[in-house]
Every structure is written in C-alpha cells, then in structure tokens.
Amino acid sequence: MSDWKKETVQPAERRWEEFYRNRFQHDKRVRTTHGVNCTGSCSWEVFVKDGIVTWELQATDYPQLEAGLPPYEPRGCQRGISFSWYLYSPLRVKYPYVRGALLDLWRAERAKGADPVEAWARITADPERRRRYQEARGKGGYRRVRWDEALDIVAAATVHTVKEHGPDRIAAFSPIPAMSQISYAAGSRFASLVGGAVLSFYDWYCDLPPASPETWGEQTDVHESADWYNARFIAVMGSNINMTRTPDAHFLAEVRHAGARLTVFSPDFSQVAKYADWWIPVHAGQDTAFWMAVNHVILKEFYVEKQVPFFLDYLRRFTDTPFLVEIVEEDGRARPGRYLRAAELPDRAEEEHADWKLLMWDESRDAPAMPKGTLGYRWAQKDRGKWNLQLEDGATGEPIRPRLSFADAADEVVQVAFEDFQADRVALRGVPVRVVQTRRGAVKVTTVFDLLMARFGVGRGLPGEYPASYDDEGAYTPAWQEATTGIHRDTVIRFARAWADNGARTKGRNLVIIGAGVNHWYHNNLLYRSAVVALMLTGSVGTNGGGLAHYVGQEKVVNIASWAPIAFAGDWGMPPRHQNTPSFHYVHSDQWRYERGFGVYDKLAGKAAHAHTIDQQVDAVRRGWLPFFPQFDRSSLAVAKEAREAGAGDDGAVVAHVVDRLRRGDLKFAVQDPDAPENWPRLWFIWRGNAIGTSAKGHEYFLKHYLGTHTGARAEELARDHVEEVVFRDEAPRGKMDLVVNLNFRMDTTALYSDVLLPAATWYEKDDLNTTDMHSFIHPMQQVVPPAWESRSDWDIFKAVARRVSELAEKHLPEPVEDVVMLPLQHDTPDEIAQPRVGGRWWAGEVEAVPGRTMPKFRVVKRDYTRLYERMVSMGPGIEKNGVAAHGLRIPAADMVAELKERQPIAAGGETRVSLEEARQVAEAILHLDPASNGELAWRGYKAEEAKTGVPLVDIAEETRGARLRFSDIVARPRRVLSSPTWSGLVNRGRAYSPYTVNVERLVPWRTLTGRQHFYLDHDAYLEWGEHLPVFKPRPEMEMLDETRMSRAHAEGARLFNYITPHGKWSIHSTYGDNLRMMTLSRGGYPVWMNDRDAAEMGIRDNDWVEVFNDNGVFVQRCVTSARIPRGAVFVYHATERTVGIPKSPMTGKRAGMNNSITRARLKPVLMSGGYAQFTYFFNYWGPTGVNRDTFAYVRRIEKPEF
Amino acid sequence: MNVKAQVSMLFHLDKCIGCHTCSVACKNLWTDRKGAEYMWWNNVETRPGTGYPTRWEDQERLRGGWEPKDGSLRLKLHGRLGALLKLFYNPALPDIKDYYEPFTFRYSDLFDAPAADDQPTAIPVSAITGEPIDIESGPAWDDDFSGSGIYARNDPSLAGVPEETRRQLEELERIVFNYLPRICNHCLNPACVAACPSGAIYKREEDGVVLVNENRCRAWRMCVAACPYKKVYYNWNTGKSEKCILCFPRLETGQAPACAHSCVGRIRYMGVLLYDADRIPEAAAVPDADLVGHHREVILDPFDPAVIAEARASGIDEDWIRAAQRSPVYRFVKEWGLALPLHPEYRTMAMMYYIPPLSPVMSVVDADLFRLDLADGEGAFELFDRLDASRLPIRYLANLFSAGEEGPIRAILRKMLAVRLYRRARTVEGEAPADLERLLESVGLDAESAEAIYRLSTLPTLEERFVLPPYHREVAIESLADPLSHKGLTGLGFVEPPARGE
C-alpha cells in the first residue's frame, strides 16, 4: 500500500507477520500425482522445504477443453491432500522386514551352509517348520533385515517354486495399472518372464460391469467428467459422485445451472442427493425393478402411443433390435431362441463365416437381409472391408430398410413364454412372427424389438398376458415395481416421461452415472442392463452428454497398446498367464467349500449343467472359457519335458502330447482338485494393493487357507454333497502359501500379514505414468524427493529380485527350459468365432479335444532364468516385429522402436536394445509407442481400421499426426491424449471424450456379435439362465446365502442387517483412511452407520461400540446413528484396516477383523460363459465378478471392548 | 465517506460437496504442529448440525458478537459482568469438550510388537498426554448427519423452525443436509479486536485481514470468547491465540488462500470489496430485519465516480480499484444480490459471503410408498413456483444468513432457479420464449444478467474466480527497510519465532 497512508498499526509492529511468511516459504515445488485407485489422476504440486515434503496443493494447469465447458482445475480431494503425512509418519515402512519366526528358520539353515535355494527347500518341505512361521503370520514379531537378506529369501523362494512346483505356482497381484503404470509393470513383467500367474483386479474388485461386455463388447468405456456438462438429464445411481469422484463433482453441480435436471437414486440420503432435483430412495439393490418399469413406460408412450423418428432411426442403425431371432419350441412352449444366421438360409449358407453373419428383415424386399458389420465380417479373410454399420447387405451391397417389428406384418402371432422370476412363473404373450424357409425347413422368427415389447409387457393389442394398464401389477408396470422398490408408481411414470422427453428433445443427452452401489450386487449385470435399455431406447449412447458413465476403478490405461507388451513381456514373445482373480480366490481360498452352490440363490429359466459354482468353474476351464492357474496337477515345465522325452519333435507335437494326456485323463487340470498340495499356489507377490485386506472378499478364509494363521471364520463346509466335477478333500488345507511378499510404503493389513515386507517408495519418490477415464490427460509421477530411508521404487525392487533370481538360476536352473502355457479363448481375436454353440464335453468323449476350439489353447514357451534380469531391463524384439496392438487392431511401430534405441540404448545378449533400466525410460517407451501419445501411430491405426471397416477414418488423425508426447512434455503440464483408434471416443480440438462416438458418427461396429449394441444375448448359457432378454431377478435372500447358520447360535441381543460397504469419504479404499488427518476428520475409526431408529430399538446410542458378525467373521467398531441411513441396513464405508484402533472381539476374544471379515466371494456362473463373440475371455474384461452387497450380518451393542 | 478495501471470499454453497479438502489444505500449511492440533482455521460443517466447536452459535452460553444497546453496540461478552472480572475467569470460553481432545494412534506398535498370540493394532492415544483415549468428539463429528438425533436436532439455527418441519427433517419426506465451510470472517466490526485487552489484534489497513500479533498476545483469550464464530483459537503450547490469516503470505504474492485454491467444488470466489467505514456503526446497529439491507449498503459501487474519488483520496491504489471493479464477490453480493453474510445478527459485519443452496423437492410417503411431491403438469424445476416444497426449510436458511428474514432467501433461491429455467430453455427448448423473459423479470433479472450469473456460477477459470489485487510489497517493505537490501537479506533467518506468552 502507498506509504503515505495512515496505518492504524505501525509498520514496525507488523514485522512479526514474517512468522507466517516464513512458514509459507518453500524451496521447491514439483508437479506430480498420486498412484491410488480413485480414478482421480489429479495434477498436484508438492512443496519441499529443507529437503522435506511439507505439503501439497492442486496444480491448476490443465489445458482447457472446447469453449463452453468448465475448466478441470482444481482437481484433488481431502484424501489426496493428506498424502504427505505418510512420508515421515510412524506408519511408513522404512526398511525391509521379515517375520521373526521365518527369519530364525532361514538363518539357521543358512548357518548350516545351505545355499539360499536349498535353505528354502528344506524349510518348506518340513511341515512342522512351515506351520511354525505360517501360524505366526500377522501376530507381530517383524524384524528389520538388510536388503540383501530379504532379496535372498524372495529370490530363493522364486527359484525353488519354479523348479519344484512349476512357475505357475507363483501368483502376482497388483491392481489398477493406470494409477502407476510402471510400478504395476515392474511386477507383472517380472512375473510374466518367470511364468507366474498375473492376477486380475477389475473383475475381482467388482469394478468390472459385466453388462458392458455383454452390451458393447467393451470392458468399460466412459465419458470424461467434463462431458457430464453436455448432458441435460442425469440419473445418478449407486455412485456417490461427491464422495468418490470428488475432483470432478463440480461438473455435476455446474451442469444443473446450465439447465440439466438431476435425479439421484440412493437408498440413503447420500452426499450427492443434496443437490438433486429429485431424490428417489429406491430400496437397496432394487433399482432394476424401477428401470424395468421406466422402460415399460417409454416403450408404451414413446414407441406405441407416439413415435419419435430419432429414436426409431437410432434403434435401427445402432442396436440389435431389427435382428431376427428364432422362436423355438421347448417342452411344448415357444421360447426366444438364437439369432437367425446366414448359415441357415439356403442362398447364404456358403458365405464365409456364415454362422456369424446375422440377419435383419428388409422392408423394401420384404425378405431377410444380411447386414454388414456383424462378427463374421470382423474376422473375414476373403470378405474384408465390410465390417461397418452401413445398412447394406454384405453380399449384394443393396441398402437395407430394417423392419423393427412384425406387429403389422406378421404371418402369425405366437404365444411366447417369458420368465417372471419374481412370481416364479412363466407368462405367455403374443409375439408377431414371420416364417422363414431355412435349410432346416420353415422356422418362425421375430425381431429383437418385438421380443422387447413382449418382455416389457407392452401389448399393442396383441393377445396374451399383457398388463392392461400401469395399475395392473403384470410384469414391469409402474404398479408392479412398487412392492420391490418402495417407490410410488406416479414417481416412476413422472421420471420415465421426463427422461424420454429429454432424450427426444436433446437427441440423446441422457446420462446415467452409475457405480459400485449398483455394481456390487449379485445380479449387477441385470441391474445395469435395465438402465442401459432406457439409454438405448432414447438414443443416448454414442453422443456427447449421453450414455452410461460407469465409474468404478481407474481401469483406463489410455496407452494400453504400448504398455501391455511391456507389462506382460509380450516384447519377449511370452504369452502371459492372465488369471481372473474371482475364480482364483473362490477356488484356492476354499470359499467354494462353504456353499451349497448357486442353485440355492440364482434362478434359471432352463437347467444348468451343474448346481454348484465350482463345477461350472471346472467346466469353464475345460472349455477354454476361463483361465486357471496352476494349470495342471504337475509342473508345466515337467509336462513339457515329459512330452519331449516321449519324442515330441516340435511345439505342435508337445501340445498334441498334452492334449492327448488330458483327454485320457492322466493329466488333469489343477482346478479339478484344488486342495491337493500339488495344486496349491505357493508364492504370492503383492504390490500396490491390499490383497489380504481391502480386496480380500472372504478375508478370514484367506487367513485360514492361504496363510494358515488365526481366523474369525466359523462357517460350516457345505459343498461336499453338492459337487460333481471337483474333488472334495475331507481336510481343507490351512496355509497353502509358502511365502507372501509385500512391497509397501505403509503398514497396512497386507503388510502386517506378509512374511517379507519390502519398503517401497511413495508416490512422491518415484517416476511413473498415470491415466484415468475421468479426464483425457496423461500425468507423470515425478520424484519430488529421493526414496526415503531404505525404500526403493517398485521398478527397482523387482529389478533387484530379478537380478538375484538370475544369479541363483546359474546353479539351479542353468539351462533354458520349456513351459507349456494354457490360454483360454481370447476376445478380439478369431477365437470369438470358435464356438458357435456350447458343444459337447471333450473330456467325456462327446466331441474331439481341439485346442482353441473345444478346449483351451496351449503354447510352448522357452524360458532362460539366467537371463531374466537382462530381459527385464531391455525391450525384446516383439514390438519391432509385430507392432503394438489393442482391441484386435495391430499397428506397425518398428521405426519408433528404432528411434527409441537411438535415445536409450542398452546392450543385451549381444544386441542393442531399447533400455528399460530406469522407470523414466519405460515411461518414454510407453509414450513413444502408443497411438494415444504418438500421432503417427494413431494415423496408422486408423488406416488399419479403414482396411477392416471400409469406412474413412484417417482424417481423424490428420491434424495430430505429428504429435509426439515425451515425458518432459507431461512434466511441464498435463497434456491431452490424442484421438486413438484403440478407443471409441473422439477428442479432436478440445471435444470432451464420450464413448462410442466413433461408432455412431463413423459407423465403426461395436465389438459384438451383431456389431451393434445388444439388447438380446443368445449365448446358449444366457438362454438357459433366462438372461437373454433384460429381466428382473430377485435378490438372493439372506437364508439362501448360508452366512448366518453358525453365528445364529451366538446372536443373543443381536439383529440381522443387510451389510453394505460403499466407498467412503475418508479413504480411497484403505489408503488414506489410516492417516491421522482422515482419522481426525472422521470419527477416529471406521464406524458402522445405522439408522437411528434401528439403533434406538436395540439400545444403541451414537458412538457406542458394536460387534458385527456372521459366519464369515467379526468386526468391532463404534456406531454412528443417523436418520440418513435406511432401516434394516448397516453401512461400513470400505475399506477398513485391522491395523488401526481395532479392539478385540468380545465374542472371539481375538482381534476383530475388518470390513471384509463379513464378506465372502460368490460368483455368478452365467458370467463364466465364454468362447462366443463378446463373451470370450480377456484379462479384466470378462468373467464373474467379486460381488459382496447381498451379505447379511448380525449387529449388537457391546460394552467398551479391550484393545 | 471513508472508503476502505477488503479482500473478501464468497462461498457458493449450492456447489459445496462437503469434502473438507479446504480444511486439510489449511491444516497442512498452518496448524500442523504442537498446540495447534485441534485448530481448524477452516472447517466444514454439515447443517443441520452443531458444528465445531459444538453449538458455537449458542451465544446465550458463549456470548460472542455484539448486542445493540441504547442505539449503539456493546460486546455481548461484556454485557453482564465487567470485562475486568472476566480477565481471570471466563465461563463463556468453550472448553476442550466443545472442541475435542486431539488424538493420534500408537502406529509404531505395528512394527515393534513382539511375536504374540494375537495381532497388534495401533491404539488411539491423546495427542496431548500420549495416554490411551476414548475418542468421543472431533472437528467434524456430526459430518454428513452423523448422530443426527443428537446433533442435527440440536442445531441452534433451527430456532423458530416449526416443530412439524423439524420432525420431518428426520423423515424420508424431508431429510436433507448441506454443508457450511467456515473461516474467519475478517469482519468490519470485529469483536475479537474490541475484546483484546492487549491490543494484539488488528485489522490490516490494506486488505482488511484480521490478525493476532503473536508477539503482543498475552493469552487473555478474550478474543476466543468474543468471536461469535469461534474462529480464534488458543495454542496451548505457545500460549498465544491464533486464527485464520486469510493466507496473507499467499495473497501478498498473488495466490488465493490455500482453502480457496484447493476447493475442488470450485465454490469459492475471491475479490476486493470497497466499503464505507463511516457507515459501519449505523449499519451494525439497525434492527435485525434491516441488517441485510444495511450490510449491502456499506459495500460501495466501485464504478461510482464519487466512490472512486474517495477511494483515491483514502490512498487506495488504482489497481485495487480496478480489482474491485472486476471482483466476482462484488457481482454476487451487490450487483445480483445472491449472497449474504453468515449470521448478520452477530453484528460484526462479517465479510465472507454465502450463496444459499438449493435442495431437492420434498416427497410424500403413504402406505410405505415414496412419491415425489409434484403437482400435475409441473415441468422442470418445479420449486420455482413452490419454494416451500424445498427440503431445506427457508426459515432455517434465513436463520443462518439473514437474521431470520425469509425474504432475502426466497429472492435468491428464485433467482437461481430462474437462471436454471432460462438455461434449460436456451439449450433444450430452443430460443428463450417471451414468457421466459417475463419469468426473469419477475425475479429482477434479464437475459444478460441471467447469462452472466450462469457463466460465473459454472464456467469461471481460476483467474475469474480469484481476482486478487496487487499488493506492492516493495512499498510496504520500504517503510521498514531498503527493498534492495531486503532482497539480499530476506529469509536469512533473523526473525525469531514469538516467545511463549503467559
């Protein structure tokens, strides 16, 4: 201020203000981000003073998107901003630790002169010694060791396991690569080079929405958050945006002021409900019923009573509604069957892949037509360039005018059976059909649209059990849903009209924001599909501001095409052992033993092959639908060796040998007898995740069967009399794992229960890459300060392990060995057309055992363990040779690899290769080799896609063809990724990313059977399960789940509650929740939220202690009572740790567990269906998911417990 | 006219998501040290709720702020007993239970626990004594309606809300909550300054920031009691009081305070307000019903040539006047009348402003079925014509922001809804029809102002949200030292931390 101005306080008096100025002064600020599974991917500035990280604030340097969209800044939440606490906190893992009980055994053997591998062999071969250190797991006694000693143990266990049991007994788990891609790749590359099984995460976390691959053939593809701002009607369900998408919530608040309506569905008055226009508290997990009724209203009012040309046109062009479906007779009833295929028509049967070319009814010619874009065209050898969504006949090129309905042009009306799983009956409704002459004779066909009308009970004057009005409680009317949802019919009707009206006026700017609150239920696929129907019926997919925005898990590795070969050693030509984790844990942690099978709680239309999930699982492996490791009942190295000894001359002969032995039954899959010691997983690497805590659904079973330590599980084993295909051993093994190795920067539940704990660098201490689907930028992680104390980055730790393994291999595995690797049928490969029908059982001699057709594929891989390290740090020749690939698209990149060799060469095996020695070099390689960050590769990708589709695409990439993002660019400020043929959105010139816009605007097909979005699913298993059409299935009821049988006896003073574990406010999963900031702002613990009246009835006051328990385990915490929580449910915001403030359970006298002590894995078998179109397996893409919302638990008040 | 400048903050509560990022930003920067553990210069409250410290609005007990007396004002604190007496005993001070006993956990046990027959855990301990503790309160204890039957129900600002409405707040029909982030209000008529026996608290001339001089503070703690917002805290370690400093080291370098910078809801705005200091005594003393209007009158139009002339005469720089003209706070508060101070009846002339929030439409529950309370034929944003069907009771908002007067609240909410209707019409239903203009007119807006409100509410960049004045630190430093010498000496560490007080 001007000096002559009179100050009320003399300037000299104000010298003291320096006190705060000095505090604010800092020495350095560095831009970086957090590697946590929140989907946030926020740009942060970290402030360093005196060489110490002192605080962080959000960087605000995001490039702006197109005019009219709010900017992204600032992004970063209460959790992220508390991260710096961890670096110097007493929770920080500063040194390597080994459990004392194990360390003593190890040192004793080593002192006796055993070399490391021999020492490990002796300890683990002795059941008594093995038990001694296993029982000590989680019970204190950690001892600090030198890095060398820790690495010796880990490397020795690795070498021994490979040698003795086979490499696929090594399991490697780390979740969510997008949050720190190079740190993830560190362990997955190591494991893939070793031959270990890399465990999936997206499905296990139940982040994968199976409805997405079902409908779109896509794992997940969603809007960046800025695109919410383009919506004009938003329905939020099961997604607490304010809590879980904190950095982006502002777009939701803001778009309301731009004129959008917001409806929030949530059983509790949730944080996001506060600014809804309409809050609709649908009963927990019952949203399906609401949406089914919404669809009923839309079909009746916007398709029958009036027509919206935009909607009709959209359905014809972009959905399977005009496709023909055969009506079949089964047990005297007409049922919807499979799509009619070209192979059935006499004049089309000779078409290439005629089984995979589906038919529409052409209005002009009044005859079936064979549109382009179906799966047969995708994998065409001869008939290339016709995989597109032009409405033209693929054979004749004639335009098609698809008929949506036969209602006014039917040959006859057939009474077709539709399951009503709620009423447990079948309704017969008239469906108009045409008769088509096929090679089998005359068959009746209808359209998917006509089936939808009948499914939703919209009669159009047709005979049958159609509800007369909205007040009729016939299926899927507004009146029908009342009993299930608790919502009045008037509200459903109001919502449906407003929804459809908005869709019609805005051409599909209807958005569903959906998340874990919905996705974690057993029938989540049906729940999602019910809402997806309402989107497709209003033309709301593939447009900016419209569609399904599913935000659960940071699944989007934007640069997947270049990252994947590095992460899974594809550059060295090694097919990775990708394991779907839900199956892995369900089987290996023996949770299957505790249930009677899905027959108890899942309702079917037909009859499944088996009634127990484990048997379905075994079949799925044998059919090549799902992977499973360990794969055989003996080492995969031994199997290869045996084949060679038996005279196999080449790889093909080795495979033939293996298939022959499998067929004869003298070689078995491990999954058939998972409790046999030769089939156990033995060594478990866990990094960047909390595999034993947060993500361990059935945590107490992990403790029991994997670790062999104490457990809170008291469940009864029930499977014995219900299983057929699996060996049920009388004694369930305790302690399958020889060694659990954890890389961690904090002492979390997994760290506490591991054998070897290695100090990992925090996110502020390493270089890495980070991407998300919430925005379209690539962020770097930068080393702000060097790794503190003795910590190291994940990349450096796995390098060190690899080096030590190579050294030990010189003696123990000196020669290259062959490994037979088993692979399931793969999505985005011609495997999609391997199994037109669910065929016979090769293992029963019903069909031939043909790898890649009727059974899994096998590959023979050569491994040289002495060269493990060398391969770890250098890029193999695979990318030069094959290019980079994603979603079935291959992009040549040899010249780009050559450029990298110039920049970062390394000598390896006598050749010059691209160095991957330093994390930053890995980052450069990923950026330079991916179409999302290298414009030339994007251009080439679109060019390649043009050849497949026959539609022009390269223009998308013209304007960014010269772009090359380097690490220094993204360090300088966030940089936006390019439009890439590996994704379905278009981001040119600041346009917000919205999925499937390339499909709708450029006529590129979806990667599905019809090439369109699917209302109808004709996989044989879906027909059996009655999930071929959108359908409502009731929630599994409490008594069906067998989780309270044993605890009932201890339940005095307790009451049963539905146990719900939503994402919380004070943590990202378990991270941050244990730090002092978050503990202080929450209630100093992990409270159990309960309705205040429920609490009062049980004599529970706010902040009282409660014990939550069922057969799976027990959890003790304080209670929060609130009118916000619905009656009959308790919420425990996941994910808790048992490391902080957890008292002993009065019931067990032992330390109470964590939120997953109450849960258990329960797989939905229909999601194991594979081998067919979009139902083929891909890592984290397809398979059953780790649902956990249906659980019930007892809750009672307890006096102050002991610590 | 005595024109002064105030750097002010505005909170768009409709956008607040209650994430507390602001609180942590502040804590990391300023109060992450012994004696300050329990201080939250910035805190976020769920309302209805009792806030932090608990029931801070209960001035009958805590006696903060001013009360009118014979046409003038006196400190409520000094009202009954003499100030002198209170120097030694002050029943109006909140105690540790009203805040919370800061706690931590014995995390090191997880590493150090010897082998045993059960799993170790880090037990909670007091951050003050290190002894095991039962955690029974915290700085956001009733966050998100926690313990609603104890806290939400006992929100002092529910006074005057009809019993039936209060009951509904715990029912599906009407349950609702919102968030209230709070920092020091850097008042024009600060009770803390008036109450300090040591003269240690002052309002900075250049920007209105109210500070406790850490060298002069003598631990009387009268400021703690006198502040009706309970935003001055006593540091038990240093023996001094401390409070929000509006991040003046950041303001002085052109950066928004950490709480505002870190606000991911983008709810916060910063800007300069020019005010007439001469009118403060009168404006603070009017009857409750007139407080909002008079408060707004104190804020001056920075485009008014007379104001500009007086501002220049008071020594306010040209670039501060320009900043005042570009101030988003000014636009919301004065030009559009969308924002109000918190509890104007405390009469401290709080200089932080709030745009009250919208809330969902109420519902009807009959026969266990939930039905939205919608009239036949109602279109989008039905609350425009039926504000009383809002879940948040108007009277409650009025108690918070307009001394119980519902009129200002109704006017604001209707303006916000009118802007939403206008934007919907523009983007969904084509061009704005004539009756839409009538609608805007009915709330005192036109298409231009509606568009401007829309843009500033949703689209602003960092630079548009935070219009900060240049501080000319070289001039301030010049009064103490040669800036060139200071350039070479700053940071060399000759400033000692303040000595411990009483």
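Each chain gets a letter, A, B and so on, in the order its sequence line appears, and its residues count up from 1.
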Looking only at heavy atoms, the pair that brings B:E429 and A:R505 closest together is CG-NH1, 3.4 Å
Comparing A:I1142, A:L69, A:V1120, A:D490 against chain B, the one with the most heavy-atom pairs below 4.5 Å turns out to be A:I1142
Honestly, the part of A:E135 sitting under 4.5 Å from a heavy atom of chain B is neither
Applying a strict 4.5 Å limit to non-hydrogen atoms, the region of B:F103 in contact with chain A is both
If one checks every heavy atom of B:C263 against chain A at 4.5 Å, the contacting part turns out to be backbone
Applying a strict 4.5 Å limit to non-hydrogen atoms, the region of A:A249 in contact with chain B is side chain
Applying a strict 4.5 Å limit to non-hydrogen atoms, the region of A:T60 in contact with chain B is side chain
Looking only at A:P1126, A:P71, A:P70, A:S84, the option with the highest number of non-hydrogen pairs under 4.5 Å against chain B is A:P71
Under 4.5 Å to a heavy atom of chain B? For A:Q64 that would be side chain
Turns out that what part of B:L13 lies under 4.5 Å from chain A's heavy atoms comes down to backbone
Whatever's closer than 4.5 Å to a heavy atom in chain B on A:F495 counts as neither
### Message
Between B:V428 and A:R509, does the side-chain contact (heavy atoms from CB on, under 4.5 Å) criterion hold? Intermediate values first, please.
### Response
CA-CA 10 Å; B:V428 176; A:R509 288 160 78 184; over 6 Å; no
Whatever's closer than 4.5 Å to a heavy atom in chain B on A:T506 counts as side chain
Looking only at A:F251, A:W85, A:Y142, most heavy-atom pairs under 4.5 Å shared with chain B are made by A:W85
Tightest non-hydrogen contact, residues B:D144 and A:R1124, listed as O-NE, 3.0 Å
Practice problem: For the residue pair B:T427 and A:R232, confirm or rule out a side-chain donor-acceptor distance under 3.5 Å. | Solution: yes
Okay, B:Q255 and chain A: the region with an atom under 4.5 Å from a heavy atom over there is side chain
Can you find a side-chain donor-acceptor pair between B:Q119 and A:Y753 that sits under 3.5 Å? yes
Nearest heavy-atom contact between B:F145 and A:A1123 is CE2-CB, 4.3 Å
Query - Check: A:D1074 main-chain N/O paired with B:Y107 side-chain donor or acceptor under 3.5 Å - result: yes
Counting heavy-atom pairs under 4.5 angstrom with chain B, the leader among A:F47, A:W55, A:W278 is A:W278
Cut-off 4.5 Å, heavy atoms of chain B, and the answer for A:A273 is backbone
When the 4.5 angstrom heavy-atom criterion is applied to A:N1103 and chain B, the contacting part is side chain
So, the part of A:L1076 with a heavy atom under 4.5 Å from chain B: the answer is both
Applying a strict 4.5 Å limit to non-hydrogen atoms, the region of A:E73 in contact with chain B is both
If one checks every heavy atom of A:K1065 against chain B at 4.5 Å, the contacting part turns out to be side chain
Okay, B:L372 and chain A: the region with an atom under 4.5 Å from a heavy atom over there is both
Assert top hit (heavy-atom pairs under 4.5 Å, partner chain B, pool A:G1085, A:G76, A:A498, A:P1143) equals A:G76
- prompt: Would B:E171 and A:R1093 pass as an ion pair if we require N to O under 4.0 Å?
  reply: yes
Go through the steps for B:E382 and A:R494 under the test salt bridge (charged side-chain N to carboxylate O under 4.0 Å, His left out), then give the verdict. CA-CA 13 Å; B:E382 52 283 334; A:R494 297 292 292 244; 5.9 Å; no
Turns out that what part of A:D268 lies under 4.5 Å from chain B's heavy atoms comes down to neither
Heavy-atom closest pair (B:P124 atom, A:F1203 atom, distance to 0.1 Å) is CD-CZ, 3.9 Å
For this session: Answer with yes or no whether the side chains of B:N28 and A:E56 bring together a donor and an acceptor at under 3.5 Å.
Result: yes
Value for NZ (A:K274) from CG (B:L358), rounded to nearest 0.5 Å, stands at 9.5 Å
side-chain contact (heavy atoms from CB on, under 4.5 Å) between B:D143 and A:W1066: does it pass, once the steps are laid out? CA-CA 11 Å; B:D143 191 59; A:W1066 306 112; 3.3 Å; yes
If one checks every heavy atom of A:R1118 against chain B at 4.5 Å, the contacting part turns out to be side chain
With chain B, the option among A:S82, A:P281, A:C42, A:A12 that has the most non-hydrogen atom pairs under 4.5 Å is A:P281
Cut-off 3.5 Å, no hydrogens considered: what does the side-chain donor-acceptor table look like for residues 254-263 of chain A, sequence neighbours left out?
from   : atom 1 : to     : atom 2 : distance (Å)
A:E254 : OE1    : A:H250 : ND1    : 2.8
A:E254 : OE2    : B:K15  : NZ     : 2.9
A:E254 : OE2    : B:R266 : NE     : 2.8
A:E254 : OE2    : B:R266 : NH2    : 3.4
A:R256 : NE     : A:Y275 : O      : 2.8
A:R256 : NH1    : A:A253 : O      : 3.2
A:R256 : NH1    : B:D14  : OD2    : 2.9
A:R256 : NH2    : A:Y275 : O      : 3.4
A:R256 : NH2    : B:D14  : OD1    : 3.1
A:R256 : NH2    : B:D14  : OD2    : 3.1
A:H257 : NE2    : B:D14  : OD2    : 2.6

The interface call for A:V93 against chain B, heavy-atom contacts under 4.5 Å, is both
Describe, in one word, how the ring planes of A:W279 and B:F370 are oriented to each other, choosing from parallel (under 30°), tilted (30 to 60°) and perpendicular (over 60°). perpendicular
Quiz item: Less than 4.0 Å between a side-chain N and a carboxylate O, is that true for B:E206 and A:R14?
Solution: yes
Worksheet entry | side-chain contact (heavy atoms from CB on, under 4.5 Å) between B:R250 and A:L57, intermediate numbers included | CA-CA 13 Å; B:R250 289 178 57 89; A:L57 276 176; 3.2 Å; yes
The interface call for B:D134 against chain A, heavy-atom contacts under 4.5 Å, is both
Separation between CD1 (B:I17) and SG (A:C77), nearest 0.5 Å, reads 8.5 Å
Applying a strict 4.5 Å limit to non-hydrogen atoms, the region of B:P132 in contact with chain A is neither
